[in-house]
There are 2 protein chains.
Amino acid sequence: MVRKKSSASQHDVSERTISRLLLYRKRLSGAPEDVKRFIYSYELGAMCGVTSAQVRRDLMLVGCSGSPNRGYDRRELLGSIEDFLYRPGVQNAALVGLGNLGRAILSFLAGRHSRLAIVATFDIDPAKTNCVTFGCRCYPVADLRTVAAAAGIEVAILTVPAASAQETAGLLVAAGMRGILNFAPVTLHLPDHVFVEDIDLAMSLEKVAFFARRGQQMERKHA
Amino acid sequence: MVRKKSSASQHDVSERTISRLLLYRKRLSGAPEDVKRFIYSYELGAMCGVTSAQVRRDLMLVGCSGSPNRGYDRRELLGSIEDFLYRPGVQNAALVGLGNLGRAILSFLAGRHSRLAIVATFDIDPAKTNCVTFGCRCYPVADLRTVAAAAGIEVAILTVPAASAQETAGLLVAAGMRGILNFAPVTLHLPDHVFVEDIDLAMSLEKVAFFARRGQQMERKHA
DNA sequence: ATCACATTGTGAAACCTATCACAGCTTAAC
DNA sequence: GTTAAGCTGTGATAGGTTTCACAATGTGAT
């Protein structure tokens, strides 16, 4: 029943779609597994705050299955989504900047992911380096290139102060990073091949405040 | 020179547009003020990772000025954007859940904003309540309603564990919140009039990892 | 077997967002 | 005063995303 189809080779897939697929995956894997073997598009949609049509449209991309009157086999669906989202094996990430926010994020993400793990942290402060926090050794920033190369790290979380963000980001790219999750409230200027996702806490809060004033939820969009 | 026009009363403005306006505001106010009195749309665009046409289009909304051959008066522009984004006076926010992440976010946001301030925190753990962290008193969650009413709080940051997020969110709404910045990795189900912005750190990182694998930055979008 | 039903998969339509491109200005230079 | 230059403001356009709506389909009841 598993139509392999073209499996829409992941090029030209929008960020929005990927975010939703990640959400579907999380909700599917987070549920009490086999309470029900099948799930309808509208059920998955309700779990994620998305319409059933949107769910079906997204699932077309991953080379789906799904039968009328029964819906999708949860395990099979989860497998298809993960095949689409992840490459075989584990992908490693680094966290750069062990301040308050960096440590909190590390505590949040450390030792959780099978497919994506934070394996090293970096800081300039010699007082912080060579310690182990939440299971991750902290290296001096100067060692970025060698450690990243040795561990095959291509993704980094950037939690350094705004003043040093651009400079540190440059070092990250020089060390071979291809994706950066940036918490510093600055616009990074980097080569095109590096994917940057900005999370600016202050701006997010102000956005909430703006829309809170004029009621009406308009949309639901996981960042 | 300040055309007042209709000033496009802030209804029906998209989330994206608001995010960009917040970004323009931040870049304008963060710069060394009067190094130059005027700024062109393409300059502001470059500072924010946005095209000049997009900048001009966005500025149409705020009831803009701007002269050919000189660009926009920075101070005046900043004023127009702030008039559009903020209501007069200060808006208060609360932070609920003083775990690692909550404390880090508090340290990040406390004592910064003129227009939007975190004025109270809440937790269920009696060991944490009635202390002052980063200048904010921590109240028991049971006092949500009274404290929120007294301080006029309508916006909250939710950093409680996933397991209690939905329940706590319900309490927030009951306490009069109209906007929630949700860090718990769950889809909250709340009345339509409550605006929810989700930030899921694990999913954001996985998104970066996905696009890092297939190169090519596609877009730049502040969250 | 056959039927009635609820769902899938998807072309088409609607909607939303960003870009193009240019008329109209405003300024500076001569 | 006239001209050249380069930007703003915006209608039109292109592009992207979501929703609609329905034929096709598998399932369970009769």
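Within every chain, numbering begins at 1; the chains are lettered A, B, ... in the order of the sequence lines, protein sequences first and strands thereafter.
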side-chain N/O [X] vs [N] OP1/OP2, d < 4.0 Å:
{"X": "A/Q54", "N": "D/dT17", "answer": "no"}
{"X": "A/Y72", "N": "C/dG9", "answer": "yes"}
{"X": "A/R70", "N": "C/dA6", "answer": "no"}
{"X": "A/S67", "N": "C/dT8", "answer": "no"}
{"X": "A/Y42", "N": "C/dT7", "answer": "yes"}

Next item on the list: Pick base, sugar-phosphate or nothing for B/S52, based on heavy-atom distances below 4.0 Å to the nucleic acid.
Entry: nothing

Notebook entry, point to check: Just checking A/S41: base, sugar-phosphate only, or nothing, at a heavy-atom cut-off of under 4.0 Å?
Noted result: sugar-phosphate

To the nearest Å, how far apart are [X] [atom1] and [N] [atom2]?
{"X": "B/N69", "N": "D/dA4", "atom1": "CG", "atom2": "C1'", "answer": "10 Å"}
{"X": "B/D73", "N": "C/dT26", "atom1": "CG", "atom2": "P", "answer": "16 Å"}
{"X": "A/K36", "N": "C/dT7", "atom1": "NZ", "atom2": "P", "answer": "11 Å"}
{"X": "A/L44", "N": "C/dT8", "atom1": "CG", "atom2": "C1'", "answer": "14 Å"}
{"X": "B/R16", "N": "C/dT19", "atom1": "CZ", "atom2": "C1'", "answer": "14 Å"}
{"X": "A/E43", "N": "C/dA6", "atom1": "CD", "atom2": "C1'", "answer": "12 Å"}
{"X": "A/I18", "N": "D/dT17", "atom1": "CD1", "atom2": "P", "answer": "11 Å"}
{"X": "A/M60", "N": "D/dT18", "atom1": "CE", "atom2": "P", "answer": "14 Å"}

Notebook entry, point to check: Okay, side chain of B/T17, backbone of B/V13: is any donor-acceptor separation there less than 3.5 Å?
Noted result: no

Notebook entry, point to check: Between A/S41 (side chain) and A/V55 (backbone), is there a donor-acceptor pair under 3.5 Å?
Noted result: no

Checklist line | B/V155, B/I105, B/L95 screened by side-chain contact (heavy atoms from CB on, under 4.5 Å) with A/L205, the one that passes | finding: B/V155

Pairs under 3.5 angstrom, nitrogen or oxygen only, protein versus nucleotides 20-24 of chain C, please.
unit_1 : atom_1 : unit_2 : atom_2 : d
C/dA21 : N6     : B/R56  : NH2    : 3.3

Item checked: Salt-bridge criterion met for B/R213 and A/E154 (N-O under 4.0 Å) -> no

Margin query: Using 0.5 Å steps for rounding, measure from the CD1 atom of B/I39 to the CZ atom of B/R70.
Written below: 14.5 Å

Notebook entry, point to check: Do the numbers put B/R214 on top of the ring of B/F210, so that NZ or CZ is under 6.0 Å from the six-membered ring centre and no more than 45° off the axis?
Noted result: yes

Margin query: Show every salt bridge (Lys or Arg N to Asp or Glu O under 4.0 Å) that has at least one partner inside residues 45-56 of chain B, sequence neighbours left out.
Written below: none

